[in-house]
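Whatever order the structure lists ligands and atoms in, that order sets their numbers, starting from 1. All values below were derived from every heavy atom in this structure, side-chain atoms included, with hydrogens, water molecules and symmetry-related copies excluded.
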Amino acid sequence: MPFFSDCFGNAASSSHFFGRQAQGAVEQARKEIASVIGAKPHEIVFTSGATESINLGLKGVALNLLSKGNHIVTSAIEHPAVLDTCNTLRKQGFDISILPVDNLGLVDPVEVERAIGRKTILVSIMHANNEIGVLQDIQAIGRVCRERDVIFHTDATQSVGKVPLNVEYCAVDLASFSAHKMYGPKGIGALYVRDRNPRIHVKPLIDGGGQEQGVRSGTLNVPAIVGFGKACYIAASLEETEALRVLELREALRIGLMNELDDLLVNGHLEKRVPGNLNVSFAGVQGHSIIAGIQDVIAVSSGSACHSKSGKASHVLKAIGLPDELADSSIRFGVGRFNLNSDIAYTIDRFCEVINRLRRGSPITSANATVP
Ligand SMILES: *Cc1c(COP(=O)(O)O)cnc(C)c1O
């Protein structure tokens with residue numbers, strides 16, 4: 001809070017006390033953020049969020065290595081920030097390979113190796129998927145990329161602060177993530193850029209005052225950065241206990257729904273998954289009808305949050321081989337830090353009530369939607 005008002009210095013103004021105070025707070029946050037992924041503080045570049053980090057990482061490397069090659073490898077289940085960036089690069093002459101996933105949502109590292117050719121400069125495979133929570137074997141993928149001298153970017157927006165990620169151990173060269181997916185403020189993110197073995201060069205997309213080692217110009221958002229640092233600090237201190245607690249809640253939700261309802265399908269690998277994610281198809285009922293029926297304090301989504309308005313079947317669920325009807329009947333649950341056992345019990349009750357009603361074909365009345 002004080003960084004919105006009392007400590008109003010510009011972190012780039014080192015000539016006075018106020019600037020130095022802001023700079024100190026930014027550097028403290030940078031340390032906390034770097035430490036969560038096993039990076040060094042100067043390898044963290046602040047951005048406006050994961051979308052910008054991904055754009056900067058992918059375009060910045062691609063444009064830098066144009067003389068070396070033009071081939072980029074990614075996967076079918078990436079977030080639109082990656083897929084649309086690759087699409088733009090394709091229009092600029094890059095050759096993009098989009099790897100499939102198996103029916104549990106996993107990319108085969110052998111397929112990554114096979115896809116790498118003489119002209120490959122970059123591989124971008126996400127760590128945790130945002131719709132089905134599936135965790136890729138980025139250690140194996142990182143090793144393949146390192147052996148073939150190809151830069152490896154991972155979209156770690158859904159994993160940082162929830163499951164361990166170490167950029168050394170996994171041979172990650174670039175990693176994108178965002179504060180607001182780990183209880184921090186919105187509009188602030190980071191791009192990890194490896195400094196040694198090898199040093200990765202990223203061509204800036206924004207020119208100007210030369211902040212962030214010239215990679216991302218513009219005055220730093222000090223309060224958001226301080227919040228991001230604090231979010232990382234808290235996530236790191238809760239890591240062991242919280243992942244287990246959230247996993248137990250998620251399993252209670254899954255088992256409760258499965259015991260009470262028939263014709264239910266869990267999408268994505270159950271173990272290789274972030275603890276809080278559950279994605280379920282409720283055969284015979286549409287996701288948007290379920291959401292309309294729930295109408296209360298339970299916040300769930302059909303498809304990804306970013307796309308839930310477009311009405312298109314999820315590209316992730318299609319990629320794991322789900323037919324359109326089942327993809328349309330899926331709901332994504334996210335269990336988090338502020339959920340309690342009582343929330344799970346309540347959610348199971350409400351879902352059973354609404355789904356049974358929809359399956360019987362009776363109308364939902366708002367009188368059935370009660371708040372706990
Ligand atoms: C949310 C999300 C993004 C985009 O993050 P912003 O901070 O909203 O730009 C990218 N990738 C994944 C996997 C996400 O979940």
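Of all the heavy atoms of Glu52, none lies under 4.0 Å from any atom of ligand 1, so neither backbone nor side chain is involved.
Between the side chain of Thr74 and the main chain of Ser124, a donor-acceptor pair closer than 3.5 Å is present. Side-chain atoms of Arg273 come within 3.5 Å of backbone atoms of Gly268 as a donor-acceptor pair (strictly under, hydrogens ignored). Arg332 places no side-chain N or O within 3.5 Å of a backbone atom of Asn277 that could act as its donor or acceptor partner.
A donor atom on one side chain and an acceptor atom on the other are found under 3.5 Å apart for Arg90 and Asn87.
Taking every heavy atom of His180 and a limit of under 4.0 angstrom, the matching atoms of ligand 1 come to 6 (P), 7 (O), 8 (O). Close approach to Met126 involves these atoms of ligand 1, each under 4.0 Å from a residue heavy atom: 13 (C). In the vicinity of Ser178, heavy-atom distances shorter than 4.0 Å reach the ligand 1 atoms 6 (P), 7 (O).
Of the polar atoms of Ala50, at least one N or O is found under 3.5 Å from an N or O of ligand 1, judged by distance alone. Some N or O of Thr51 is nearer than 3.5 Å to an N or O of ligand 1, by distance alone. In terms of polar-atom proximity, defined here as any N/O pair under 3.5 Å, Asn130 makes no such contact with ligand 1.
For atom 2 (C) of ligand 1, the nearest non-hydrogen atom from the set Lys186, His127, Lys181 comes from Lys181.
Residues Lys119 and Asp95 form no side-chain contact, since every pair of their non-hydrogen atoms from C-beta on lies 4.5 Å or further apart.
Considering Arg199, Arg146, His153 as possible partners of Asp173, the one that fulfils the side chain to side chain donor-acceptor pair (under 3.5 Å) test is Arg146.
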